[in-house]
2 protein chains.
Amino acid sequence: MTRLGPGAEFDLIRRFLAGAAPPDAAVGPGDDAAVLRDGVVLTVDLSIEDVHFRRAWLDAEEVGWRAAVASLSDLAAMAAQPVGLLLSLAVPEADAADAALRLATGVRNAAEHAGCALLGGDLTRSPGPWILDIVGVGRAQRPVLRSGARPGDALFVTGQLGGAAAAVRAWRAGREPEPDARAAFARPLARIAEACWLAERASLHALLDLSDGLAGDAAHIAAASDVGIVLDADAIPVHPAAASLPDALDVALSGGEDYELCFAAPSEHVEREREAFERNFGLRLTRVGSVVQGAGVRLRSASGAERPLAAGGFQHFTTENR
Amino acid sequence: MTRLGPGAEFDLIRRFLAGAAPPDAAVGPGDDAAVLRDGVVLTVDLSIEDVHFRRAWLDAEEVGWRAAVASLSDLAAMAAQPVGLLLSLAVPEADAADAALRLATGVRNAAEHAGCALLGGDLTRSPGPWILDIVGVGRAQRPVLRSGARPGDALFVTGQLGGAAAAVRAWRAGREPEPDARAAFARPLARIAEACWLAERASLHALLDLSDGLAGDAAHIAAASDVGIVLDADAIPVHPAAASLPDALDVALSGGEDYELCFAAPSEHVEREREAFERNFGLRLTRVGSVVQGAGVRLRSASGAERPLAAGGFQHFTTENR
């Protein structure tokens, strides 16, 4: 079993999956997804009202889209091609007609946007909250895990970080977010084509999608790969919607659910593909740090001073940050 | 897309899956599970507190076991060999340590009992109810669908029906169920080995697992296969725990979640294997009716009189029967 980063949530997952010995699995519990021997990749993501989203923030189709992207992004994190999604949906009886259909439409739209289909599902009554659980099914001949980062690799991210967190910050303060922050939260994109492109060309050693926030997710790579990671404060690509916040860097480091890619690879392999990547996808590729010997994640300031970085990502059982 | 039986829940599923065009799927939405072209079988089942179970009725391990069997039974319904389960689990913060672990232990025990493993999962905070969503992954070279029943086939079930419903009846009346009724509800078994054995030897034309109740599930086969089904009232194998109820036959016909198999096959193919089956598995095999031309499900009494049977199974959005 791959080692996970710190945090109460991960301790629990570690405990309850301990002892599982998948006889037909190439990659067991602990990575972004399970991989069967023939390259079938499986992942599952729960989205629950008032834990992962609020009904006042999003319309039902956006809730479905966003829940689906969480699963599709886990496939991207393995450099897998999506085959399809399964949707388990629970809504109160009063929402059974319209809302359920709009939720499912959002899921189907996200699947189709990613080039796959809604394969089936389960629909049931909820005693209260909207509940969506989405299974992502993909295929990867050479899945990229979290565990292959090596000292000397550089750490990169796609896109810009903190946009979704800026939207949540605004809503929680009773304001409507800026349109680009709202879009980052409501209409994220799973970086599937980007991940497969990079996996083919850039010798990726470790890959995941940024769901917990860069600080927490870098800790996952560090723990799984048995290495340390140094992030460069000046290099973090802060989303414009977060840039004006007084704690912009913290928001970019610990705001979850950006669904951008984060990967470790030899710097020169990535640098020689950067221009083609950015031209192809219209998406920035930024070196944010280095993989070093050791353990944990440190943040290096412009002056060169380093401090250990608490993971600080989204921990369902330790914080109330949604 | 396979046509489903009647009922508001199924209308909704039909609507929200309409238009899905699985590019990599041999069997699309509507059967017990989705089947990818290479025989990978996928199914998903939600279990929500106060919808599918009550915490006062079962201990956490039993809740996990039962939720896992619902998924494993869907694999049995395709004559698939299980590869593994994925578990999405949400519990309130206070239950994050002990209850979550016991729920997951129940799931893992059910997986191991069925010869497969827990491959991974997702754990999150619930705003209230315990929520389990379980993905079943299996393999079937020749999956048996719901849609192949032909006029002239006989309809069979394994085991005895109504035990789980008898337990629910007792709990709802404020009594503790008889031990065998309680066991039928709390510790059902997925008939996987039985389904694979029958699929190899008995020319099964249509197969499903009894989750909605025989009346409703026979209607699924009838609708998917474009045939009628006549059930023989005298032949229904009523579970001993239900036999003493004043409406024993109704309980056996419409009580859901027995997780026995129901299949259509040429009578003579099944009859010549019956003795070996019953000896092998210690489980009764009962002919409960016939497949005929037409549509819908009818119940034939001992006198030969027939009446249409309302599906009457578990419909989450039309009844409050849990």
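Please read these numbers as outputs of a predicted model, since none were measured by experiment. A note on names: the letters A, B, ... follow the listed sequences, proteins ahead of strands, and every chain is numbered from 1.
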For the residue pair B/R139 and A/L36, establish whether any side-chain heavy-atom pair is separated by less than 4.5 Å.
-> yes
Non-hydrogen atoms of A/R125 and B/I48 that approach each other most closely | O-CD1, 3.8 Å
Value for CG (B/L89) from CG (A/D133), rounded to nearest 0.5 Å, stands at 10.5 Å
Distance, nearest 0.5 Å, that separates CG of A/D74 from CG of B/D122 = 8.0 Å
Side chains of B/V51 and A/P127 in contact at under 4.5 Å (non-hydrogen atoms) | yes
Minimum heavy-atom separation for B/S88 to A/D45, with atom names?
-> OG-N, 4.5 Å
What's the spacing between A/L46 CG and B/T124 OG1 if we round to 0.5 Å?
-> 6.5 Å
Flag side-chain contact, heavy atom, 4.5 Å: B/V137 against A/L42 | yes
Should the heavy atoms of other residues, nucleotides or ligands under 6.0 Å from CZ of A/R55 be counted, would the total exceed 12?
-> yes
